[in-house]
Amino acid sequence: MRLRFQAVLLIVIGAGVLRVSLFSDIGLRYVKEGMQPYLAASGIALCALGLLGARRDGLPFRARRQGSDAPHRDPAPVHGHDHTRGPGVAWLLLPPALVLLLNAPPALGSYTAARDNPQLVAEYESFETLPARGPVPLSLTEFIARVQQEEQQSLKGRTVVVQGFVTPGEDGDWELSRLLISCCAADAQSLAVTVHGAAAPPADTWVRVVGTWHPHGTLGTTSAALALDAVAVDRIPEPPLPYVDRPPAAG
């Protein structure tokens, strides 16, 4: 790869990173919200390095156009190495850069969740008292924790509202899933609750599920099924922070 193309490649990569981090929230499909400023800073640095490289490598050509009749020659190799070219493998960076610019990949979804072992949530020290009546909006994390940890069994007979994306299952059932990350999509871990009593929407569809705990095992212990008997399933847009597990908004 010639030096002038290296500069162009840096600019293209930097522009792709800036597109998903500075000019949109697409980067939140791949990293936590707190990492987005660092992603934008790296895009700016790449573009700046590319522009500096383009300016440096363009100077000999401008000098020649301004009147020099001497034929232009590339610098001679130093110590047996040709410093006028970079490694050809650098071209492999171009396809992902163009993908970020033209059609950025979606957030992780059912393909990842179906191939991961769902994680048990951390031990809760205490649980807040639920409202006396009406459906209770819960994050999927809190629903799982209350089902398997809460000795008071406050979910017994209560209607809850949770949301996530659809992961196809077996025997007509399906899973409501969430993926949580510590830093970026590479360390994603899944949460899953089996949904009974409702036809499965297409894979990766984001839905809000209203239902009650599916009575199997002993509520408040690890034998309790992580499952819901659905009363209603409504499609919703993908949230802007797909890896942040929050209770559904009221209404």
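None of the values given here were measured: they were computed from a predicted structure.
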- request: Apply side chain to side chain contact (heavy atoms under 4.5 Å, CB included) to the pair T159 and V136, showing each step before the final yes or no.
  value: CA-CA 6 Å; T159 299; V136 182; over 6 Å; no
- request: Enter the distance from Y243:OH to L179:CG here, rounded to the nearest 0.5 Å.
  value: 6.5 Å
field: same_hphob_cluster(F127, F143) at 4.5 Å side-chain heavy-atom cutoff
entry: no
field: Heavy-atom pair of closest approach, residues W213 and G217
entry: CH2-O, 3.8 Å
query: Does anything in residues 177-190 pair up under salt bridge (Lys or Arg N to Asp or Glu O under 4.0 Å), and if so which pairs, sequence neighbours excluded?
result: R178-D245
query: Which heavy atom in A7 sits nearest to a heavy atom in G53, and how many Å separate them?
result: CB-C, 3.9 Å
field: Over all atoms of both residues, closest heavy-atom pair of L130 and L138
entry: CD2-CD2, 4.4 Å
field: Closest non-hydrogen atom pair, E142 against Y124
entry: CA-OH, 3.7 Å
message: Run the side chain to side chain contact (heavy atoms under 4.5 Å, CB included) test on R158 and T212 for me, step by step, so that the C-alpha distance in whole Å, both residues' side-chain angles and the decisive distance to 0.1 Å come before the verdict.
response: CA-CA 6 Å; R158 294 298 305 270; T212 57; over 6 Å; no
- request: Please examine the side chains of E175 and V193, heavy atoms only from C-beta on, and report whether any two atoms are closer than 4.5 Å.
  value: no
- request: May I ask you to list the residues sharing a hydrophobic cluster with I11, side-chain cutoff 4.5 Å, ordered by chain and number?
  value: L51
Co-membership, hydrophobic cluster, residues V209 and I144, 4.5 Å side-chain: yes
message: Would a single hydrophobic cluster contain both L101 and L93, if residues Ile, Leu, Val, Met, Phe, Trp and Tyr are joined by side-chain heavy-atom contacts under 4.5 Å?
response: yes
- prompt: Distance from I13 atom CD1 to L100 atom CG, nearest 0.5 Å?
  reply: 9.5 Å
message: Restricting to non-hydrogen atoms, name the atom on E150 and the atom on L155 that form the minimum distance, rounded to 0.1 Å.
response: OE1-N, 4.4 Å
If you look only at distance, which donor and acceptor atoms sit under 3.5 Å apart when one is on a side chain in residues 26-35 and the other is two or more places apart or in another chain?
unit_1, atom_1, unit_2, atom_2, d
R29, NH1, A104, O, 3.3
R29, NH1, P105, O, 2.9
Y30, OH, P105, O, 2.5

field: Rounded distance (nearest 0.5 Å) linking atom CG of L191 with atom OG1 of T141
entry: 4.5 Å
task: Test L176 against Q163 for side chain to side chain contact (heavy atoms under 4.5 Å, CB included), laying out the working first.
output: CA-CA 7 Å; L176 183 70; Q163 66 184 23; 5.8 Å; no
statement: Residue set satisfying side-chain contact (heavy atoms from CB on, under 4.5 Å) with P202, at least two apart, ordered chain then number -> T205, R235
Please table the atom pairs, donor to acceptor, closer than 3.5 Å between any side-chain atom in residues 221-232 and protein atoms at least two apart or in another chain.
unit_1, atom_1, unit_2, atom_2, d
T221, OG1, T218, O, 2.7
T221, OG1, S223, N, 3.3
T221, OG1, S223, OG, 2.8
S223, OG, T218, N, 3.0
D229, OD1, H214, ND1, 2.7
D229, OD2, H214, ND1, 3.3

query: According to a 4.5 Å side-chain heavy-atom criterion applied to Ile, Leu, Val, Met, Phe, Trp and Tyr, with indirect links allowed, do L49 and L9 form part of one hydrophobic cluster?
result: yes
query: Which pairs pass side chain to side chain donor-acceptor pair (under 3.5 Å) with one or both residues in residues 8-26, sequence neighbours excluded?
result: none
task: Considering only Ile, Leu, Val, Met, Phe, Trp and Tyr, and joining two whenever side-chain heavy atoms are under 4.5 Å apart, list the other residues clustered with L18.
output: L22, F23, I44
message: Applying ring-ring contact (aromatic ring centres under 6.0 Å, His included) as the test, list every pair that has at least one member in residues 158-182; sequence neighbours left out.
response: F165-W206
Show me the side-chain donor-acceptor pairs of residues 106-113 shorter than 3.5 Å, one per line, residues at least two apart or across chains.
unit_1, atom_1, unit_2, atom_2, d
S110, OG, D204, OD1, 3.0
S110, OG, D204, OD2, 3.3

task: Please step through side chain to side chain contact (heavy atoms under 4.5 Å, CB included) for the pair L98 and V12, ending with a clear verdict.
output: CA-CA 7 Å; L98 292 176; V12 171; 4.2 Å; yes
message: Using 0.5 Å steps for rounding, measure from the CG atom of L180 to the OG atom of S190.
response: 8.5 Å
message: Tell me if a side-chain donor or acceptor on Q153 pairs with a main-chain N or O of L219 at a distance below 3.5 Å.
response: yes
field: Non-hydrogen atoms of P201 and V207 that approach each other most closely
entry: CG-CG1, 4.0 Å
message: Which residues pass the side-chain contact (heavy atoms from CB on, under 4.5 Å) test with L52, not counting sequence neighbours?
response: none
query: side chain to side chain donor-acceptor pair (under 3.5 Å): which pairs involve residues 36-52, sequence neighbours left out?
result: none
message: Under a 3.5 Å distance rule, please check whether Q152 uses its side chain to pair with a backbone N or O of T129 as donor and acceptor.
response: no
message: Give me each pair satisfying salt bridge (Lys or Arg N to Asp or Glu O under 4.0 Å) with a member in residues 114-134, each pair once, sequence neighbours excluded.
response: none
